[in-house]
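Everything below concerns the one structure shown next.
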Amino acid sequence: MTKKPFYFEVSSKLPGALARTGVIHTPHGDIETPAFIVVGTKADVKAMVPEMVHDVGAQAVLANAYHLYLQPGHDLIARAGGLSKFMHWNGPTFTDSGGFQVLSLGSGFKKVLAMTTDVDAELAIARKGDRHAWVTDDGVKFKSHLDGSFHFFTPEFSMQIQHGIGSDVAMAFDELTSLADSRAYQEKALARTHAWADRSLAEMQRLNAATPDYYQALFGVLQGANYEDLRKETATWMAERDFDGFGIGGALEKDEMGTIIRWCNEILPENKPRHLLGIAEPDDIFAAIEQGIDTFDCVSPTRVARNGSAYTPSGRVNIRGKQYIDAFTPVFEGCDCYTCQHYTLAYINHLARAKETLSGTLLSIHNERFIIKLVDDIRESIKDGTFYEFRDRFLTAYYRR
RNA sequence: GCUGGAAUCGUGUAGUGGCAAUCACAGGAGACUGUAAAUCUCCCGCCUUUCGGCUUCGUAGGUUCGAGUCCUACUUCCAGCA
């Protein structure tokens, strides 16, 4: 019996919890889990070259089907030899389906994605006609944020794009809802996400059958907002299908995140990897890993870096602050990243004030290293049974201020 | 020296007789979770927690019910001419 080029092996478990360590095997290499996957939306990790991405310990990169379809086009990436070759990343790659853009360009357009349900005020100011995405049962109509042209994404088309891009792991095309949406809408959207998941799976199987030397894994994506019955329903539904792994999505209410993930992961099969989409804050990472999440991705480390913030053991700090003008110390003592080994806060503060792009690069290196090392340390703490001690010590220091 | 122009928030500006302070930058604080994001929000003359109060358009006069705006002188700067 031959194994698929993509498979997952659990290597250890935390007694009494869902947390586990393991290895995801992909055609482009292995990923030791839990792992933080860095985001490279447009086939680049913003402000970093792949050598830096490798040096911070990243094991995989996640790009986006919507962005790469618009520019430069998945056909071109296919002609270039696939995403990893195109962007010179010698490692595994994931792609998101464009499902996130259903919300970020649709009902969530021009709004901050709420991590709480207290969003009535935001809904009240939502302006009709000011969106770039419209959902129908068949798919999503997008108005390009680049040139205003219209494009229609179906689950099949998203698979074709992702297969063309050539990532190791594709995501099923899903509809991300807002916590502000009604219960009735959540049910409707979840039914649609299920229909789309079936269509995504059928299309991916067809595409894989047509390319004997290339197998692209497909993750089914779980929605259901913060409703226990919907989350359990979708977990059961997804578990019955032949996905290679699963993504847990949705704008998750922060306080309920661990609980929601537990509802899903108690039902999902143990032998397939579970990815948590778009999460990186330390408390969320601990909660998710405790409840059995294997991989994460998030834009936060690079985005906040370009906006002048650095992760530290005592919380996220805005390094543009006046008090760092003459701080001739690293971002924090003891950090093992390239930036902290060679540059001072004062220097990065200067670069940020001078609007030099190097500040974004140096802070991106630092922030990616910080989150990756955190997840690496959590992985080791699961192996040696010190997960809870490590969590309590870390989070107490991180949120002390 | 002559002629013309200019002077408004830290800086550059808007305001051409009717409640001065527009816009930008600089400065201060904050936000950012499957990237419409090297972006966005708020503050930014003084006092006040708020409500609100007070001050101020180079200087000194003048005209006018009322002047940043018109007039006179002065100061400083800019341009041209000598």
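Every chain is numbered from 1 and lettered A, B, ... according to where its sequence line falls, protein lines coming before strand lines. Hydrogens, waters and symmetry mates are skipped; everything else that's a heavy atom, side chains included, is used.
Of the candidates B:G30, B:G28, B:U33, B:U33 carries the atom nearest the A:Glu281 side chain, counting heavy atoms from C-beta on. For A:Thr357, counting side-chain heavy atoms from C-beta on, the closest listed nucleotide (B:G34, B:A38, B:G28) is B:A38. Closest approach to the A:Asn307 side chain among B:A38, B:U35, B:G28 is made by B:A38 (side chain taken as heavy atoms from C-beta onward). The side chain of A:Gln223 has B:G34 as its nearest neighbour among B:U35, B:U33, B:G34. Comparing B:A38, B:U35, B:G34 by their closest approach to the side chain of A:Asp297 singles out B:G34.
For residues 186-209 of chain A, the pairs satisfying ring pair (Phe, Tyr, Trp, His ring centres under 6.0 Å) are A:Phe173-A:Trp196, A:His194-A:Trp237, with sequence neighbours left out. Judged as a ring pair (Phe, Tyr, Trp, His ring centres under 6.0 Å), the pairs with a partner in residues 242-284 of chain A (not counting sequence neighbours) are, in order, A:Phe94-A:His275. A side-chain hydrogen bond (donor to acceptor under 3.5 Å, both in side chains) check over residues 40-61 of chain A, counting only residues at least two apart or in different chains, returns the pairs A:Glu51-A:His88. Pairs engaging residues 15-28 of chain A under the side-chain hydrogen bond (donor to acceptor under 3.5 Å, both in side chains) rule: A:Glu9-A:His25, A:Ser11-A:Thr21, A:Ser12-A:Thr21, A:Arg20-A:Asp294, A:His25-A:Asp30, A:His28-A:Ser84, A:His28-A:Asp168 [sequence neighbours left out].
For the OP1/OP2 pair of B:A38 and a distance below 4.0 Å, the side-chain nitrogens and oxygens of A:Arg303 include no atom meeting the criterion. Phosphate proximity of B:U33 to A:Ser300: absent, as no side-chain N or O sits under 4.0 Å from OP1 or OP2. The shortest distance between the side-chain N/O atoms of A:Arg306 and the OP1/OP2 oxygens of B:A37 is not below 4.0 Å.
The residue A:Asn64 sits close only to the backbone: its heavy atoms come under 4.0 Å of sugar-phosphate atoms, none of a base. Using a 4.0 Å heavy-atom criterion, one finds that A:Gln101 contacts the sugar-phosphate atoms exclusively. Using a 4.0 Å heavy-atom distance criterion, A:Leu146 is classed as making no nucleic acid contact. Using a 4.0 Å heavy-atom distance criterion, A:Ser359 is classed as making no nucleic acid contact. Note on A:His67: only backbone sugar-phosphate atoms sit closer than 4.0 angstrom, heavy atoms only; bases stay farther off.
Of the possible donor and acceptor atoms, one in the side chain of A:Thr33 sits under 3.5 Å from a partner among the backbone N and O of A:Gly22. Judged purely by atom type and a 3.5 angstrom limit, A:Asp198 has no side-chain atom pairing as donor or acceptor with the backbone of A:Ala195.
Between A:Gln323 atom CD and B:G27 atom P there is a gap of 15 Å when expressed in whole angstrom units. Spacing between atom CG of A:Leu252 and atom P of B:G34 amounts to 12 Å, rounded to whole angstrom units. Across the protein-nucleic acid pair, A:Phe36 atom CZ and B:U33 atom C1' stand 9 Å apart, rounded to whole Å. A:Lys46 places its NZ atom 14 Å from the C1' atom of B:G34, with the value rounded to the nearest Å. Between the CD1 atom of A:Ile319 and the P atom of B:G28 there is a distance of 12 Å, given to the nearest Å.
The pairing partner recorded for B:C19 is none, the criterion being a Watson-Crick or G-U wobble arrangement whose two distances lie under 3.5 angstrom. Within the shown strands, B:G30 is the pairing partner of B:C40 under the Watson-Crick or G-U definition, both distances less than 3.5 Å. Pairing for B:G66 is absent, judged as Watson-Crick or G-U wobble with the two contacts each under 3.5 Å. If you check B:U49 for Watson-Crick or wobble pairing at under 3.5 angstrom, you find it has no partner at all. Within the shown strands, B:C78 is the pairing partner of B:G4 under the Watson-Crick or G-U definition, both distances less than 3.5 Å. Summarising the base pairing, B:A73 is matched to B:U59 through a Watson-Crick or G-U wobble pair whose two defining distances lie under 3.5 Å. Pair assignment for B:G10: B:C25, on the basis of Watson-Crick or G-U wobble contacts that are both within less than 3.5 Å.
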Got a list of protein N/O to nucleotides 40-45 of chain B N/O distances below 3.5 Å?
none

Strictly under 3.5 Å: I want the nitrogen or oxygen pairs between protein and nucleotides 23-26 of chain B, one per line.
none

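Under the 30°/60° scheme for interplanar angles, the aromatic rings of A:Phe332 and A:His366 are found to stand perpendicular. Using a 30° and 60° split on the angle between ring planes, A:Tyr343 and A:Tyr347 fall in the parallel class, below 30°. Aromatic ring pairs are classed by plane angle as parallel below 30°, tilted from 30° to 60° and perpendicular above 60°; the pair A:Tyr66 and A:Phe153 is tilted.
Within a 6.0 Å sphere centred on CD of A:Glu270, other residues, nucleotides and ligands contribute 12 heavy atoms or fewer. Atom NZ of A:Lys85 has 12 or fewer neighbouring heavy atoms from other residues, nucleotides or ligands inside a 6.0 Å radius.
A distance of about 22 Å separates the P atoms of B:U11 and B:C43, rounded to the whole Å. Nucleotides B:U75 and B:A60 are separated by 11 Å at their C1' atoms, to the nearest Å. For the C1' atom pair drawn from B:C19 and B:A38, the interatomic distance equals 42 Å after rounding to whole Å. B:G68 sits 15 Å from B:U55 when the C1' atoms are compared, rounded to a whole Å. Across B:G17 and B:G62, the matching C1' atoms stand 16 Å from one another, rounded to whole Å. Taking the P atom of each, B:U16 and B:C70 are spaced 10 Å apart, rounded to whole Å. Comparing B:C47 with B:G34, their P atoms sit 42 Å apart, to the nearest whole Å. For B:U8 and B:G15, the C1' atoms lie 9 Å apart once the distance is rounded to whole Å.
For A:Thr302 against B:U35, a side-chain-to-base donor-acceptor contact under 3.5 Å is present.
Residues A:Leu146 and A:Ser144 come closest through the heavy atom pair N-OG, 2.9 Å.
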